[in-house]
There are 2 protein chains.
Amino acid sequence: MAKTDLIKDLGPISQRTMADVVEKELRDYLKKKLFKPGDALPSELELADALGVSRNVVREALSRLRMLGMIETKKRRGMILSTPDILGSFERVLDPLIIDDSTLQDIFELRLTLEMGLADILYLRKKKKDIAELEAIAKSQDGGGKGQAFRINNEIAFHGKIYQMTGNETLMRFQNMLLPIFGYVISLEKVPQIGKVSHIDLVNILKDGTKEEFREGMLEHLKPHFNKLK
Amino acid sequence: MAKTDLIKDLGPISQRTMADVVEKELRDYLKKKLFKPGDALPSELELADALGVSRNVVREALSRLRMLGMIETKKRRGMILSTPDILGSFERVLDPLIIDDSTLQDIFELRLTLEMGLADILYLRKKKKDIAELEAIAKSQDGGGKGQAFRINNEIAFHGKIYQMTGNETLMRFQNMLLPIFGYVISLEKVPQIGKVSHIDLVNILKDGTKEEFREGMLEHLKPHFNKLK
DNA sequence: CATTTGATATATGTAGGACATATCTACAAT
DNA sequence: ATTGTAGATATGTCCTACATATATCAAATG
């Protein structure tokens, strides 16, 4: 067997640390044993003993699970399984500067997709009061000439309000996290183009129009972004 | 001031551990200093020294960042900033059994929203070859009477293929993670209802129909789910 | 000279001990 | 019944020590 063959066949051996292993072990254990939120876990020392590793390693693994919100620890009472904040970990990682361009583009498209898919839930839950607030936001922008910063904030406020109107807390938080990405990708544009359908147009559709009209309106509103996709 | 007022005003004091603080400190530091992927970090000992904490605490914080994929460590070379896998942390936490019902519902709606918003990107990127594969999946189900497990797997395969056709890797992985949630919520249904528009209908629309027709078709396909929303 | 081998220093990975701190339990004091 | 005290226990933090992998450089080998 030639040397190159050997090199090709031999992949790098696993470089997982004990903390990695223990973390996975613990998560599998919790899953397999059908632990429910509120259930108590063994103490760190017991875990270390059972797994045959030092308390240090166990603590690193537990520290990760704690960050994810999967467990909570109290001083003498020990640790209990908890319901994690599923978006919390997401938030920590969502920094445009450290995400690769391909993923940034993916996220940009993800938000466009969400925006286009909102109509049904929006029409299910929209309330007069919310539409009035949305209108106020749209109109506050109408004057124009308020500067770039104002324009961006207003854009964020308008679309954020729409998400809020869906009554879906997770969806709203999710889009809020995507905002920096969206802003970053847009900031790369040379000429900021604006769709034919304005915010006020969308509000008017929301007031009197149908879901289908709203979808068409949103598509037109986002058209400049869609046009740039490949 | 009444006693109840006092109790209401006094929240529990912060219980953040040093590891929590250091983790945040490090993330802020990396952000503020505009660290880019590939940049080297100080050694654990230097960090511990600079922050005035033990190496143990620093290691717990670093262990978290490592789990998120924000940093990579090599034995002697030290640590370097890295581009995190933004969905990796998500994956760990997405277990239907430990997520509260309200969030489960939110995620269910999130997936419906995505599905309804896919049309534009799908029509931008769909290829004959993919449609053929999609058709094969749809037809393999047509026979019927293949049992519950087959039906569910086929459902997953069909919708998964649609996401894959968007060419958006992140979107596809994202929906893949949402599958267990979706499956779980659906499994709670007593009578599994099926929309008027079938998979094969959707394929046919993809072949000859417009984006708008596809959206309408998808809405009909998902109708039973939408009907249950409040 | 080029390549390989070997030695050394260094940063991370792991172990184990020590002590502080918070809090649950139980019991005593008022 | 509330408050105070004491002991037990699990976590939080620090420290030391050593194993391990690897970048760097020197030495050896052809």
Side-chain angles (χ1 to χ4, degrees), chain A residues 2-4 6-7 10-26 29-30 35 38-82, chain B residues 2-4 6-7 10-26 29-30 35 38-82:
Chain A
K3 188 176 172 190
T4 50
L6 184 65
I7 288 177
L10 288 179
I13 60 179
S14 125
Q15 306 219 55
R16 298 174 67 200
T17 67
M18 297 300 265
D20 293 328
V21 177
V22 170
E23 181 213 331
K24 176 127 184 58
E25 200 83 10
L26 285 177
Y29 174 70
L30 296 178
F35 271 61
D39 290 353
L41 274 69
S43 77
E44 294 178 351
L45 222 48
E46 287 172 310
L47 288 174
D49 223 44
L51 293 164
V53 296
S54 76
R55 191 158 83 99
N56 251 330
V57 169
V58 172
R59 277 190 63 81
E60 276 195 31
L62 290 172
S63 181
R64 298 179 180 186
L65 300 188
R66 203 171 317 125
M67 178 188 64
L68 296 176
M70 290 182 68
I71 61 176
E72 285 175 40
T73 61
K74 302 236 171 217
K75 267 281 162 114
R76 175 194 135 102
R77 194 170 160 191
M79 294 170 291
I80 58 173
L81 194 62
S82 160
Chain B
K3 188 176 170 189
T4 49
L6 184 64
I7 287 176
L10 286 179
I13 58 177
S14 125
Q15 306 219 56
R16 300 175 67 199
T17 68
M18 296 302 266
D20 294 327
V21 177
V22 170
E23 181 214 330
K24 175 126 186 55
E25 199 82 12
L26 285 177
Y29 174 71
L30 295 178
F35 271 62
D39 290 352
L41 274 69
S43 77
E44 294 178 352
L45 222 48
E46 287 172 310
L47 288 174
D49 223 44
L51 293 164
V53 296
S54 76
R55 190 158 85 97
N56 247 330
V57 169
V58 172
R59 276 190 65 82
E60 276 196 30
L62 289 173
S63 180
R64 298 177 180 187
L65 300 188
R66 203 171 317 127
M67 178 189 64
L68 296 176
M70 288 182 68
I71 60 176
E72 285 175 40
T73 61
K74 303 238 168 208
K75 266 283 162 107
R76 173 193 137 104
R77 191 169 160 192
M79 295 168 292
I80 58 173
L81 194 62
S82 159

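Letters go in sequence order (proteins before strands), and every chain restarts at 1.
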Interatomic distance where [atom1] belongs to [X] and [atom2] belongs to [N] [whole Å]:
X       : N      : atom1 : atom2 : value
A:Leu41 : D:dT11 : CG    : C1'   : 13 Å
A:Glu44 : C:dA15 : CD    : P     : 15 Å
B:Met79 : D:dT22 : CE    : C1'   : 16 Å
B:Lys75 : D:dA21 : NZ    : C1'   : 5 Å
A:Arg77 : D:dT9  : CZ    : P     : 18 Å
A:Ile80 : C:dT23 : CD1   : C1'   : 14 Å
B:Glu72 : D:dT22 : CD    : C1'   : 16 Å
B:Leu47 : C:dG13 : CG    : P     : 13 Å

Measure distances between side-chain N and O atoms of B:Arg55 and base N and O atoms of C:dG13, and say whether any donor-acceptor pair falls under 3.5 Å. yes

I'd like to know if A:Asn56 reaches the base of C:dG16 with its side chain, counting only an N/O donor and acceptor under 3.5 Å. yes

Counting only side-chain nitrogens and oxygens, does [X] get under 4.0 Å of the OP1 or OP2 atom of [N]?
X       : N      : value
B:Thr73 : C:dG13 : yes
A:Ser54 : C:dA15 : yes
B:Arg59 : C:dA15 : no
B:Arg66 : C:dG13 : yes

Which atom of A:Ala61 lies closest to which atom of A:Val22, heavy atoms considered: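 Here A:Ala61 and A:Val22 meet closest at CB-CG1, 3.6 Å.
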
With the threshold set at 4.0 Å, does a side-chain nitrogen-carboxylate oxygen contact exist between A:Arg59 and A:Glu44?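 So A:Arg59 pairs with A:Glu44 through a salt bridge.
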
Any ion pair linking A:Asp49 and A:Arg55 (charged N to carboxylate O, less than 4.0 Å)?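 No, A:Arg55 and A:Asp49 are not salt-bridged.
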
Distance-only side-chain donor-acceptor flag, B:Ser63 / B:Glu60, under 3.5 Å: no

For the side chain of B:Val53, starting at C-beta, report the closest nucleotide among D:dT20, D:dA10, D:dC14.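 Among D:dT20, D:dA10, D:dC14, the one nearest the side chain of B:Val53 is D:dC14.
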
Between A:Met18 and A:Lys74, name the one whose nearest nucleotide on DNA chain C is closer to the 5' end.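 First, find each residue's nearest nucleotide; the 5'-ward one identifies A:Met18.
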
Considering only heavy atoms from C-beta outward, does the side chain of A:Ile80 approach that of A:Asp39 to under 4.5 Å? no

